[in-house]
Amino acid sequence: MHPKHYVLPLLAVLIWAANTVVSKLAVGVIDAAAISFYRWLLAGVLLGLVFGLPVWRIRAQVRPYLPKLFTLGVLGMVMYQCLAYVAARTTSASNMGILASLMPLLAVGLSVLLLGEAATVGGVAGGLLSLLGLAYLLSHGDPLGLLRHGAAVGDALMLLACLSYALYGVLLKRWKIPLNNWHSLLIQICCALPVLFVYYLARSAPPLTAAGLPLVLFAGIPASVLAPFLWMHGVGKLGASRTTTLMNLLPVFTVAIALLFLGETLHGYDVIGGGVTLLGVVLAQYLKRPLRRRAAAA
């Protein structure tokens with residue numbers, strides 16, 4: 001593949017990494033409910049201007065899939081985003097980026113459970129390796145201390161957020177909804193917005209402050225509209241498998257941005273734990289040999 005085809009999906013990964021740092025910057029500036037709601041409201045309006053009429057024209061085709069699209073919207077745009085914003089209160093952006101790198105591995109595990117896919121050598125070995133790396137990272141180099149005191153609340157919430165998004169990806173693959181990617185995204189946003197609005201009202205409708213506006217604009221336009229466009233372009237040029245491997249750079253970009261703009265400190269346990277965790281994810285992606293070979297038919 002021509003190297004130029006890697007530029008746009010890499011830029012998408014960079015934007016999503018920056019958005020993880022935006023989640024941390026939002027702490028104390030704008031309420032999690034407010035940035036979640038206004039982010040997707042903005043993205044929905046922009047996408048609606050372009051794709052609203054085409055989606056309306058195929059409403060009869062869309063109607064049977066609304067329950068599934070609603071489920072996807074809740075998993076990907078309500079649970080994942082809201083949990084990530086809340087997690088940012090009590091964990092670092094670096095930890096959030098490293099935990100986000102687990103999503104492909106979590107998706108592999110969920111595919112075995114929900115899709116009946118065969119467990120692979122890489123999935124099992126990579127899963128165990130990532131668990132060890134994660135324990136070392138979250139315990140600050142003292143895994144036994146993790147057993148005594150448990151993980152930080154923010155880390156646990158971010159892990160739950162990643163599990164939600166991994167389930168989103170698995171269900172998207174399982175259901176194979178016959179819609180254009182942009183049409184599907186717009187409908188998911190429309191399904192998620194009422195839920196986000198209820199959450200926003202439940203938090204007493206926190207205001208959109210002047211300081212929070214740039215964060216909403218970044219989350220709503222580059223992270224929610226531009227990055228998916230760049231990513232889909234990459235998939236079209238490189239294929240899904242090659243493009244997906246670029247997501248392994250997400251924690252690297254996130255940590256680098258957090259060090260530069262948030263002044264976060266990189267410790268030895270971050271490098272060791274994060275590196276081992278990422279190695280486990282890579283093993284799961286590349287070692288595809290089934291764990292148990294089926295007996296040959298007679």
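One-based numbering along the sequence shown. Nothing here was measured: the structure is a model prediction, and the numbers come from that model.
Atoms SG and CE, from Cys191 and Met77 in turn, are 9.0 Å apart once rounded to the nearest 0.5 Å. The SG atom of Cys162 lies 11.0 Å from the CG atom of Leu157; values are rounded to the nearest 0.5 Å. Between atom CD of residue Gln61 and atom CG of residue Leu179 there is a gap of 5.5 Å, rounded to the nearest 0.5 Å. The CG atom of Leu102 sits 11.0 Å away from the CG atom of Leu250 when rounded to the nearest 0.5 Å. To the nearest 0.5 angstrom, Leu132 atom CG is 11.0 Å from Leu279 atom CG. The CG atom of Leu163 lies 5.5 Å from the CG atom of Leu110; values are rounded to the nearest 0.5 Å.
Clustering of Ile, Leu, Val, Met, Phe, Trp and Tyr by side-chain heavy atoms under 4.5 Å joins Val112 with none of the others.
Residues Gly48 and Leu186 come closest through the heavy atom pair N-CD1, 3.8 Å. Residues Leu105 and Gly127 share a closest heavy-atom pair of CD2-CA, 3.7 Å. Taking each heavy atom of Gly123 and Val108 in turn, the nearest pair found is CA-CG1, 4.3 Å. Of all heavy-atom pairs spanning Val86 and Ala32, the tightest one is CG2-CB, 4.0 Å. Taking each heavy atom of Thr243 and Leu238 in turn, the nearest pair found is OG1-CB, 3.6 Å. Nearest heavy atoms, Leu278 versus Pro251: CD1-CG, 4.2 Å.
Ring-plane geometry between Phe197 and Phe37 is classed as tilted, the angle between the planes lying from 30 to 60 degrees on a 0 to 90 degree scale.
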>> Would Leu196 and Leu41 count as a side-chain contact (heavy atoms from CB on, under 4.5 Å) here? Give the steps.
In response: CA-CA 9 Å; Leu196 288 169; Leu41 178 62; over 6 Å; no
>> Go through it in stages, so that I can follow the logic: the residues are Ile257 and Leu14, the test is side-chain contact (heavy atoms from CB on, under 4.5 Å), and I'd like the CA-CA distance, side-chain angles, deciding distance and then a yes or no.
In response: CA-CA 9 Å; Ile257 297 171; Leu14 182 60; 4.0 Å; yes
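Listed for the Thr254 side chain is no donor-acceptor partner under 3.5 Å among the backbone atoms of Gly97. Side-chain N or O atoms of Tyr286 include none that pairs as donor or acceptor with a backbone N or O of Gly122 at under 3.5 Å. Of the possible polar contacts, one joining the Lys24 side chain to the Ala88 backbone as a donor-acceptor pair under 3.5 Å is found. In terms of modelled atom types and a separation under 3.5 Å, the side chain of Thr90 and the main chain of Gly154 share a donor-acceptor contact. For Lys68 (side chain) and Leu171 (main-chain N/O), no donor-acceptor pair under 3.5 Å exists by modelled atom type. Under a 3.5 Å cut-off, the side chain of Ser224 and the backbone N or O of Ala219 do form a donor-acceptor pair. Proximity of a side-chain donor or acceptor of Asn180 to a complementary backbone N or O of His183 within less than 3.5 Å is detected. Panel note: side chain Arg39, backbone Val216; no donor-acceptor pair is recorded below 3.5 Å. Of the possible polar contacts, none joining the Asn95 side chain to the Ser92 backbone as a donor-acceptor pair under 3.5 Å is found. The main-chain N or O of Ala135 is found under 3.5 Å from a side-chain atom of Ser139 such that the two form a donor-acceptor pair.
Looking only at side-chain heavy atoms (C-beta outward), Asp270 and Ser94 stay at 4.5 Å or farther from each other. Between Val13 and Asn248, every side-chain heavy-atom pair lies at or beyond the 4.5 Å cut-off. Side chains of Tyr269 and Ile272 form no contact here, defined as non-hydrogen atoms less than 4.5 Å apart. Taking the side chain as every heavy atom from C-beta outward, Val252 and Ser101 never approach each other to under 4.5 Å. Between Ile177 and Gln188 there is no side-chain heavy-atom pair separated by less than 4.5 Å. You'll find the side chain of Leu46 reaches within 4.5 Å of the side chain of Leu42, heavy atoms only. Side-chain contact check for Leu114 versus Leu167: some heavy-atom pair is nearer than 4.5 Å. For the pair Val281 and Ser130, the minimum side-chain heavy-atom distance is below 4.5 Å.
No single ILVMFWY cluster, assembled from side-chain heavy atoms under 4.5 Å apart, contains both Leu131 and Tyr136. When the side chains of ILVMFWY residues are joined at heavy-atom separations under 4.5 Å, either directly or via intervening members, Val198 and Tyr38 end up in two distinct hydrophobic clusters. Both Leu69 and Val195 belong to a single network of hydrophobic side chains, linked directly or stepwise wherever heavy atoms of I, L, V, M, F, W or Y lie under 4.5 Å apart. Residues Leu66 and Leu185 fall within the same hydrophobic cluster, defined by Ile, Leu, Val, Met, Phe, Trp and Tyr side chains chained together at heavy-atom separations under 4.5 Å. Under a hydrophobic-cluster definition in which Ile, Leu, Val, Met, Phe, Trp and Tyr are linked whenever side-chain heavy atoms come within less than 4.5 Å, directly or via other members, Met158 and Leu25 are assigned to the same cluster.
Legend: salt bridge (Lys or Arg N to Asp or Glu O under 4.0 Å) pairs involving residues 79-93, not counting sequence neighbours: none detected. Applying the ring-ring contact (aromatic ring centres under 6.0 Å, His included) test to pairs two or more places apart or on separate chains, those with a residue in residues 58-116 are Tyr80-Tyr165. The side-chain hydrogen bond (donor to acceptor under 3.5 Å, both in side chains) pairs that include a residue from residues 116-128 are Glu117-Lys173, where partners are two or more places apart or lie in different chains. A ring-ring contact (aromatic ring centres under 6.0 Å, His included) check over residues 218-265, counting only residues at least two apart or in different chains, returns the pairs Trp16-Trp231.
Among residues two or more places apart in sequence or in another chain, the salt bridge (Lys or Arg N to Asp or Glu O under 4.0 Å) test is passed with Asp31 by Arg203.
In the model, Ser36 has no side-chain atom that pairs as donor or acceptor with a side-chain atom of Gln81 under 3.5 Å.
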